[in-house]
Student: 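Take this structure, written in structure tokens, and hold onto it; I'll ask about it next.
Please read all numbers here as calculations on a predicted model, not as lab measurements. Residue numbers run from 1 in the order of the sequence given.
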Amino acid sequence: MSGCIEATLSHIRENIRMLTLNAESLEQALEAGCLLGRLNWINNDGKLEDEALEVALLKKYNGELLSRSKPESLLGEIDWLHVITNAYDSGGHTPLLKKIVNGLVARGSGQNVVVTGSVTKRFLEDITAMIGLEPIQLNGPLAERASALIRLGRRAKYIVLYIHPNDLGAALAARILRREGHRVLFVNHADHVFSYGPGAADTVLEISGWGWNATKRGRMICSQSFLGIPLEASISRSRPPLTGPVISIGGGDKYKPGNNIVNFPTFLQKLLPLIDQKVELIGPKGTECWWQDLIMQHKGQVQFFGTLPYNETQCPLIAASAYLDSFPITGGTAFPQALVAGKVVFGLREQSGGYSLADMLRYSSVEAMTEALVLYLRTGEEPLMQDFVRTSIRQNFSVKSVVDRLNVAASGGLCLPPKEMMEVTICSNYYSKIWRNTNTVQIDLTKMSSFSRQTRLNLAYKLIDPVYRLKAFKWLRLLRWII
């Protein structure tokens, strides 16, 4: 069955890829390429880059990008230009950018932030308060945004990309800037999925052991250097109240069960009768179908908060008795952040390990983790190694330490990841196995309404193929976007 969805994905991918390469204009190429990047991003079959596509598009549209990017910007020179596609109040990559910007402020570095997509009011206010300049928001057609980024990038010594995996325009702009002598650094924050941009950079900055190995295996790059995720104790270290809830933070889909994959809702159904504490989940809405049996059986003992801004997760974290990581996909930054904030943490040893030193604290099975969590909630005795790892993370993953590593990469040096992160067992096809178990190819059409009519028609021609019917694909929805 998995071979069927792989063939379907390959067919759709190649159709959209050819449409991107054969587009009649730069704008149409960027529109189709954006959809192609999103397709590769959400259907994680193991493909991590498309260097050949980026190189071919740059060769085809180099002259147009250069002519569009004149005249030169009249603004003053700066040290750092940070480029982000969409800035959020929740999630991991936006706080990563904020902490690095703040760390560079402490060193007196001149810098600014460019947003190629959408932004929140809070992000604008936070960055403006840090650097005294409001982030620059790029608007208009995708080709105009890419050209504007080239103009702005020419002001900076260093360009740091925190872009979304499908931000093809930013990736092409970065290639031109690098060719013109600016040092480009790519933050590999979405390291387990496809992304445009790694090959555009002088150095790929890795945040995890998983990303380090994945890049070595499946990305064409110039070099890689370890950056890590900056973690600071945002709440005081005090003994957690054992009467408080057990808390877990992660994107809703990170808890989604898969065929033959460990099941988080089933785990909670077995855990809750053994403890008196409630379980609070930040990220999931509780409306997803996989939670319904749990809610029916333990409605009063489990609470769903949905997505919350990063700052609003701190009060629930303070009140929590323990932190529980999501699975089958890890909550990423949230796990070590909870440890550094003083919580006793519990997580399942994933085959995708290597995201932080906190992975040393994970358990080999659901049963072992359940036993340890129940014991802690009953006795208050902190499991071994928690405080040692907490101290180690504070020393090696402070904002200062991460910014030090950023500066090393900016100057042409390279940093290796901690050996403890690389010693965690890592299954190279872990995420692709999860995707294959869904037996579904997804196409995200939400951006198509902003595309030109010609691009929408071309995409429809490529996608509507009676031989390749997609499971759960909404044909009427596609036609609505076309019209």
Student: The test is side chain to side chain contact (heavy atoms under 4.5 Å, CB included); show your working for Ile443 and Leu39 and say whether it passes.
Tutor: CA-CA 6 Å; Ile443 295 184; Leu39 176 79; 3.9 Å; yes

Student: Quick test of your reading of the model: are Lys256 and Asp253 salt-bridged, counting only N-O distances below 4.0 Å?
Tutor: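 Result for this pair is no, no salt bridge flagged.
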
Student: Which heavy-atom pair separates Val83 from Leu149 by the least distance, and what is that distance?
Tutor: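 Shortest heavy-atom separation between Val83 and Leu149 comes out as CG2-CD1, 3.8 Å.
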
Student: Side chains of Val403 and Asn407: closer than 4.5 Å at any heavy-atom pair?
Tutor: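 Of all side-chain heavy-atom pairs linking Asn407 with Val403, at least one is under 4.5 Å.
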
Student: Give a yes or no on whether the backbone of Lys433 and the side-chain of Asn437 come within a donor-acceptor separation of less than 3.5 Å.
Tutor: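 Yes: the side chain of Asn437 pairs with the backbone of Lys433.
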
Student: I need the minimum non-hydrogen distance between Asp444 and Leu35, along with the two atoms involved.
Tutor: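 Taking every non-hydrogen atom into account, O-CD1, 3.2 Å.
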
Student: Short question: side chain of Asp45, backbone of Ser432 - any donor-acceptor pair under 3.5 Å?
Tutor: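 Looks like no, no N/O pair under 3.5 Å.
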
Student: Let me confirm one number: the OG-CD1 distance from Ser398 to Ile393, rounded to the nearest 0.5 Å.
Tutor: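 So the OG of Ser398 and the CD1 of Ile393 are separated by 12.0 Å.
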
Student: Give a yes or no on whether the backbone of Glu6 and the side-chain of Ser10 come within a donor-acceptor separation of less than 3.5 Å.
Tutor: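 It does not hold such a pair.
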
Student: Keeping His93 on the side-chain end and Asn86 on the backbone end, is there a donor-acceptor pair under 3.5 Å?
Tutor: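 At least one qualifying donor-acceptor pair exists.
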
Student: May I ask you to decide whether Lys157 forms a salt bridge with Glu77, counting only side-chain N to carboxylate O separations under 4.0 Å?
Tutor: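 So Lys157 does not pair with Glu77 through a salt bridge.
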
Student: Any side-chain heavy atom of Asn40 sitting closer than 4.5 Å to one from Arg17?
Tutor: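 No. Closest side-chain heavy atoms not under 4.5 Å.
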
Student: If you apply the rule side chain to side chain donor-acceptor pair (under 3.5 Å), what do you find for Arg183 with Thr203, and how did you get there?
Tutor: CA-CA 9 Å; Arg183 189 158 184 81; Thr203 299; 3.3 Å; yes

Student: So do the side chains of Trp290 and Phe264 get within less than 4.5 Å of each other, counting heavy atoms only?
Tutor: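 SC-SC contact between Trp290 and Phe264 ruled out.
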
Student: Identify the heavy atoms of Gly218 and Leu48 that sit nearest to each other, and give their distance.
Tutor: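 Taking every non-hydrogen atom into account, O-CB, 3.7 Å.
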
Student: Measure the acute angle between the ring planes of Tyr323 and Phe335, then classify it against the limits of 30° and 60° as parallel, tilted or perpendicular.
Tutor: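 Because their plane-to-plane angle lies in the 30° to 60° range, the rings of Tyr323 and Phe335 count as tilted.
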
Student: Could I get the full list of side chain to side chain contact (heavy atoms under 4.5 Å, CB included) partners for Pro417, not counting sequence neighbours?
Tutor: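 With neighbours one apart ignored, the set is Trp212, Phe226, Met422.
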
Student: Flag the pair Arg13 and Asp50 as a salt bridge only when some basic side-chain nitrogen lies within less than 4.0 angstrom of an acidic carboxylate oxygen.
Tutor: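 Between Asp50 and Arg13 there is no salt bridge, as every charged N stays at least 4.0 Å from the carboxylate O atoms.
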
Student: Look up atom CD1 in Ile78 and atom CZ in Arg155, then write down how far apart they are to the nearest 0.5 Å.
Tutor: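 So the gap between those two atoms works out to 4.5 Å.
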
Student: Scan the side chains in residues 158-165 for donor-acceptor partners under 3.5 Å anywhere in the protein, sequence neighbours excluded, and list what turns up.
Tutor:
from, atom 1, to, atom 2, distance (Å)
Tyr162, OH, His82, ND1, 3.0
His164, NE2, Tyr88, OH, 3.0

Student: State, yes or no, whether a side-chain contact exists between Trp41 and Tyr196 at a heavy-atom distance under 4.5 Å.
Tutor: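 Trp41 vs Tyr196: side chains apart.
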
Student: Would you give the length of the straight line joining atom CD of Glu144 to atom CG of Leu30, rounded to the nearest 0.5 angstrom?
Tutor: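 These two atoms lie 11.5 Å from each other.
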
Student: Among all residues two or more places apart in sequence or in another chain, which pass the side chain to side chain contact (heavy atoms under 4.5 Å, CB included) test with Ala56?
Tutor: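 Here the qualifying residues are Leu21.
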
Student: Before giving the answer on side chain to side chain contact (heavy atoms under 4.5 Å, CB included), spell out for Val113 and Phe123 the whole-Å C-alpha distance, their side-chain angles and the decisive distance to 0.1 Å.
Tutor: CA-CA 11 Å; Val113 176; Phe123 179 81; 4.0 Å; yes

Student: Would you call Arg107 and Asp404 a salt bridge, taking side-chain N to carboxylate O under 4.0 Å as the test?
Tutor: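 Counted as a salt bridge, because a side-chain N and a carboxylate O are separated by less than 4.0 Å.
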
Student: What I want to check is whether the side chains of Arg362 and Thr330 have a donor and an acceptor closer together than 3.5 Å.
Tutor: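 A donor-acceptor contact under 3.5 Å links the two side chains.
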
Student: Quick check: do Asp325 and Val345 have side-chain heavy atoms less than 4.5 Å from each other?
Tutor: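 They are not in contact (no side-chain heavy atoms under 4.5 Å apart), so the answer is no.
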
Student: Quick one: are Pro418 and Phe397 in side-chain contact, heavy atoms under 4.5 Å?
Tutor: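 They are in contact (side-chain heavy atoms under 4.5 Å apart), so the answer is yes.
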
Student: How long is the span from the OG1 atom in Thr287 to the CD atom in Gln292, to the nearest 0.5 Å?
Tutor: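 Nearest 0.5 Å value for the OG1-CD distance: 7.5 Å.
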
Student: Can you check whether Pro309's main-chain N or O pairs, donor with acceptor, with Arg122's side chain at less than 3.5 Å?
Tutor: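 Not at all, since once roles are kept as given, no pair shorter than 3.5 Å links the two residues.
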
Student: Counting distance only, does the side-chain N/O of Lys98 pair as donor-acceptor with the main-chain N or O of Met130 below 3.5 Å?
Tutor: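 The answer is no, because no donor-acceptor pair under 3.5 Å joins these two groups.
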
Student: Evaluate side chain to side chain contact (heavy atoms under 4.5 Å, CB included) for Ile127 paired with Glu134, printing each intermediate quantity in order.
Tutor: CA-CA 7 Å; Ile127 295 297; Glu134 186 171 290; over 6 Å; no

Student: Set out, in order, the CA-CA distance, both residues' side-chain angles and the distance that settles side chain to side chain donor-acceptor pair (under 3.5 Å) for Arg151 and Ser147, then state yes or no.
Tutor: CA-CA 7 Å; Arg151 289 195 297 272; Ser147 302; 5.4 Å; no

Student: So, the side chain of Ser248 versus the backbone of Leu324: is there a donor-acceptor pair under 3.5 Å, distance only?
Tutor: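 Yes, the answer is positive, given that a donor and an acceptor are paired below the 3.5 Å cut-off.
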
Student: Between Arg405 (side chain) and Leu227 (backbone), is there a donor-acceptor pair under 3.5 Å?
Tutor: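 Confirmed, Arg405 side chain pairs with Leu227 backbone.
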
Student: Output yes when a side-chain donor or acceptor of Lys99 lies under 3.5 Å from a complementary backbone atom of Pro230, and no otherwise.
Tutor: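 Yes; judged by distance alone, with no hydrogens or angles, the pair exists.
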
Student: At what distance, to the nearest 0.5 angstrom, does CG of Asn188 lie from CG of Leu205?
Tutor: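 The distance works out to 9.0 Å.
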
Student: Let me confirm one number: the CG-CG distance from Leu58 to Leu65, rounded to the nearest 0.5 Å.
Tutor: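 So the CG of Leu58 and the CG of Leu65 are separated by 7.0 Å.
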
Student: Test: salt bridge (charged side-chain N to carboxylate O under 4.0 Å, His left out). Region: residues 166-178. Which pairs qualify, not counting sequence neighbours?
Tutor: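 For residues 166-178: Glu51-Arg175, Glu54-Arg175, Arg178-Asp202.
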
Student: Evaluate the side chain to side chain contact (heavy atoms under 4.5 Å, CB included) criterion for residues Asn112 and Leu152: first the C-alpha distance (whole Å), next the side-chain angles of each, then the deciding distance (0.1 Å), finally the verdict.
Tutor: CA-CA 10 Å; Asn112 207 340; Leu152 293 165; over 6 Å; no

Student: On a heavy-atom basis, which atom in Pro284 and which in Glu288 lie closest, and how many Å separate them?
Tutor: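 Heavy atoms only, the tightest pair is CA-OE2, 4.0 Å.
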
Student: Taking only residues two or more places apart in sequence, or in another chain, which ones meet Asn44 in a side chain to side chain contact (heavy atoms under 4.5 Å, CB included)?
Tutor: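 In terms of side chain to side chain contact (heavy atoms under 4.5 Å, CB included), with neighbours along the sequence ignored, Asn44 is linked to His192, Val193, Tyr431, Trp435.
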
Student: Between the side chain of Arg219 and the main-chain N/O of Gly199, is any donor-acceptor distance below 3.5 Å?
Tutor: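 Not a single qualifying donor-acceptor pair exists.
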
Student: Quick check: closest heavy atoms across Tyr255 and Gly250, and the distance to 0.1 Å?
Tutor: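 Scanning both residues, the minimum pair turns out to be OH-N, 3.4 Å.
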
Student: Between Asp89 and Thr120, does any side-chain donor sit less than 3.5 Å from a side-chain acceptor?
Tutor: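 Yes, because at least one side-chain N or O of Asp89 sits under 3.5 Å from a partner of the opposite role on Thr120.
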
Student: Is any side-chain heavy atom of Leu133 less than 4.5 Å from a side-chain heavy atom of Gln111?
Tutor: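 No, every pair of side-chain atoms sits at 4.5 Å or beyond.
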
Student: Do we see a donor-acceptor contact under 3.5 Å between the side chains of Ser401 and Asn396?
Tutor: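 No, because no side-chain N or O of Ser401 sits under 3.5 Å from a partner of the opposite role on Asn396.
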
Student: Are any of the side-chain heavy atoms of Glu27 and Leu142 separated by less than 4.5 Å?
Tutor: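 Result yes, sub-4.5 Å side-chain heavy-atom pair found.
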
Student: Please enumerate all residues that pass salt bridge (charged side-chain N to carboxylate O under 4.0 Å, His left out) together with Asp191, with sequence neighbours excluded.
Tutor: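 If we apply the salt bridge (charged side-chain N to carboxylate O under 4.0 Å, His left out) test to Asp191, skipping adjacent residues, there are no hits.
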
Student: Ignoring hydrogens, what is the shortest heavy-atom contact between Ala29 and Leu168? Give both atom names and the distance.
Tutor: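 Smallest heavy-atom distance, with atoms named: O-CD2, 4.2 Å.
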
